[in-house]
Each structure stands twice: as structure tokens, then as C-alpha cells.
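Here is how names work: the chains are called A, B, and so on, in the same order as the sequence lines, proteins then strands, and each is numbered from 1.
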Protein chains: 2
Amino acid sequence: MPVTEKQNAKQKFMDFLAKKQLRITSQRQAIIDTVFSTEEHFTAEQLLEWSRHRDKSVSRATVYRTLPLLTESGLVREMDFGKDYKFYDPNYAEHPNHNHIICQDCDKIVEFESEKIAKLEDEISHKLGFSIKAQRLQITGNCEELKKLGACRHKSCHEHE
Amino acid sequence: MPVTEKQNAKQKFMDFLAKKQLRITSQRQAIIDTVFSTEEHFTAEQLLEWSRHRDKSVSRATVYRTLPLLTESGLVREMDFGKDYKFYDPNYAEHPNHNHIICQDCDKIVEFESEKIAKLEDEISHKLGFSIKAQRLQITGNCEELKKLGACRHKSCHEHE
DNA sequence: AAGCTATTGAGAATAGGTCTCAAGTGCAAG
DNA sequence: CTTGCACTTGAGACCTATTCTCAATAGCTT
């Protein structure tokens, strides 16, 4: 993913803040820079840690205050991967319809897009009388195929060999 | 949904317990009877309340201990609807591939199934080297269409009329 | 009926996330 | 370049859903 796309997302968020008459403080800047310089899913705690590398003064409270702004802007999405804490996905600005497939064994997550599925979702939503705002599709499975090919580098995928 | 299907799911869960050499206590019985006599999504707290109608001795701890068994059996699925507590869906025994569409405004939830989407999920999973175990698709939207037709009975759908 | 062992209820404990409040700081107007 | 004020902040208290502990209880096999 080109850096410019992430820069673009960052700018969109700044605009979002401006529109809400919210200030761009140094702490928010550090958090924003962090979020829009990664493609990884992250937890609130990780975001705190990473942001502190840029600005030591970032507090847990500010991270938890900024996260709802990020999700409200639509540029970051809250994800439930069945753990007891939430994950956040910063890739929705560039790929608003992407989906996730997760390996039960090694927790590897692969993102994918499907126009066909998106189209079907639209049709069905309409038929049910809904205007669609967002969708999330999560598939759980095993990366056994990759394992057979020796292409999966994740530990658990090799444990029983 | 015919009562017999729910009875069937109940029996499957009893078998599941037996296979794991777990006992069928009166408290578990009350919880199971409750779960497999509804089609509604419920929270842990609701399950506690409802189960206590059948057996006053059911405790919160036992409900929270039984829930993982239910999900492990595959007959009930944990759902994240963005609230700060989890919901449980007891309809997966009969409809293992059903999906949800949720109205942002009134929280109405409609379930639907789509063979076409399921097929695409299979294809994509395979292509990505995964064997599929489960899937969950959640669409968020507005039930505006229903609102226009006057068919949506949920309060928020009429607030701005 | 006995005994082994899973199971239970009550409440303490945990942990992610939220809230409070006094102190600090963008930033728009002058 | 000041000033002023409303928005923000950090620290830690607080909240609340869920998990854990432990002594008492009760399925189920023999």
C-alpha cells in the first residue's frame, strides 16, 4: 500500500477533526501519526505504547478518547476477533469493503476483497428494506493448505509435523 | 422454526455433554431448556434471569460456565453487536450459515441466508489456502425503506417523521 | 447405598475501559 | 505577539462484565 494513501487517510482525519472543531494537540498528532503509519491491526494498549515512542506524554485516557473519534470518522474500524480486548483496523480508508479470514490455530489473518460478495450484500440489503452503511465478513478456518505447501510460516501451523 | 428442530439441537447438546463426560445437573438442564426454547439473541444476564424462572438455584457463575460449553458445541454463537456485553445466538444449529443485518438507528436485527455468498466464501477461502470452519457476516444499515413503507414498527424509525 | 469427582453458589478478584477534576494548551480574535 | 477561554490532558479513582476460589453439594457408576 503506497505511503501516499496513508497520508491521504491522515489528512482526512485531520479534516474530520477540524469539521468537529476539535484541536490537533501534540498527543493527538502522535496517535494519528502512529495509526496512519501502520497496516497492522492493533489493540488500545499497543496504540498507547507505539504512540508513546513518538510522544512520551500520551496517556492511556487520551488513547481511549481518540479511538472513538477514529472509528466515528470511518477511517478505522473496531474488530472483534474473539479475544477479550478489541482490535482496530486502520485499512478501511483505502479498502472500505475488505474482509478477514482468520486461522483458528495460528491466528494468522489475511485480508481480501470481493466485489461479487459486496454486490450480493447490496442486493440482499435492499431486498430486506435496508440501506447499507457498512459490512463486515469474517471467516474462520485453518491454513492447512498453506501448511501442506510449506508456505505458512506461523509456528502452530508446523507444530504437528 | 419447528419446535422439533430446537428439541433436536437440545439433544445434540446433551450428547455433547455426555461425550465430554460432563454431568447433566438440574442447573444445566434449566439453562439448556432456556437456550433451546428461544430464537432470540440473548445476553449472559438475560440467560441468568430466564433460567432462574425454571430453577431458582441457577447462579451467575454457572451461566458463565455453561456459555463456553454451548459455543464450543457449535450450537450457539457468540456475537458482537458493538455493545459492551456479548450476545448469544441460539439459531446456528438450524442455520449454520445465517447472517445478520442490523439497523443503526433502532437496533432491529434481521437474519438472512445466502447460498451464493456462502459459495463465494468457500471459493475465496480455498484460493487463499484455508479450509473454512465458520463465517460471520454482519451488515449495518438503516431500515429507511421499511420506514417509508410504514412497515417498521421500531420507535426510532418513526422519531423524525 | 457408597464413594468418587464433577459441579455448584457466593462473593472476592480481575481487567478492559470510562470518568472526574484540576492543571495545561491550541488557536482565534484583537 | 498577547490574551482568554473552551477544549484537552494525565493520573488515578471508578465501573462493570466476566472469571476465579473454595468449601459444600450432588450426579452417576458400581
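Using a 4.5 Å cut-off between side-chain heavy atoms of Ile, Leu, Val, Met, Phe, Trp and Tyr, A:Leu67 falls into a hydrophobic cluster with A:Phe13, A:Met14, A:Phe16, A:Leu17, A:Leu22, A:Ile24, A:Ile31, A:Ile32, A:Val35, A:Phe36, A:Phe42, A:Leu47, A:Leu48, A:Trp50, A:Val58, A:Val63, A:Leu69, A:Leu70, A:Leu75, A:Val76, A:Tyr88.
One atom, NZ of A:Lys83, and another, C1' of D:dT18, lie 17 Å apart when rounded to the nearest Å. Atom pair A:Tyr88:OH and C:dG16:P shows a separation of 13 Å (rounding to whole Å applied). In this structure, A:Lys86 places its NZ atom 18 Å from P of C:dA15, rounding to the nearest Å. Between the CG atom of A:Asp84 and the P atom of D:dC20 there is a distance of 10 Å, given to the nearest Å. One can place OH of A:Tyr85 at 14 Å from P of D:dT19, the figure rounded to the nearest angstrom. As rounded to whole Å, 14 Å separates atom P of D:dG27 from atom CD1 of B:Ile32. Rounded to an integer number of Å, the gap from B:Gln27 CD to C:dA6 P is 17 Å. Distance CG (A:Asp55) to P (C:dT25): 11 Å, rounded to an integer number of Å.
B:Glu39 and B:Asn91 make their closest contact through O-ND2, 2.9 Å (heavy atoms, listed as atom of the first residue, atom of the second, distance).
One side chain, A:Asn99 or A:Gln135, offers a donor N or O that lies under 3.5 Å from an acceptor on the other.
No continuous path of ILVMFWY side-chain contacts below 4.5 Å connects A:Ile102 to B:Leu120, so the two sit in separate hydrophobic clusters.
Note on ring orientation: taking the six-membered ring where Trp is involved, the planes of A:Phe87 and A:Phe81 are tilted (angle from 30° to 60°).
Across residues 42-50 of chain A, not one residue has a non-hydrogen atom less than 4.0 Å from an atom of DNA chain C. Within residues 15-26 of chain A, the residues approached by DNA chain C to less than 4.0 Å at the level of any non-hydrogen atom are A:Arg23, A:Ile24, in residue-number order. Using a 4.0 Å cut-off on heavy atoms, the residues of residues 58-80 of chain A that approach DNA chain C are A:Ala61, A:Tyr64, A:Arg65, listed by number.
A:Arg136 places no side-chain N or O within donor-acceptor distance of the main-chain N or O of A:Met79, the cut-off being under 3.5 Å. Side-chain atoms of A:Arg28 come within 3.5 Å of backbone atoms of A:Arg23 as a donor-acceptor pair (strictly under, hydrogens ignored). Judged by distance alone, with hydrogens and angles left aside, the side-chain atoms of B:Asn142 form no donor-acceptor pair with the main-chain N or O of A:Ser131 at under 3.5 Å.
Shown here are the salt bridge (Lys or Arg N to Asp or Glu O under 4.0 Å) partners of B:Glu113, two or more places apart in sequence or in another chain: there are none. Listed by chain and number, the residues in a salt bridge (Lys or Arg N to Asp or Glu O under 4.0 Å) with A:Lys20 are A:Glu72 (sequence neighbours excluded).
Of the options A:His126, A:Lys119, A:Glu121, a side chain to side chain contact (heavy atoms under 4.5 Å, CB included) to A:Glu123 is made by A:Lys119 and by none of the others.
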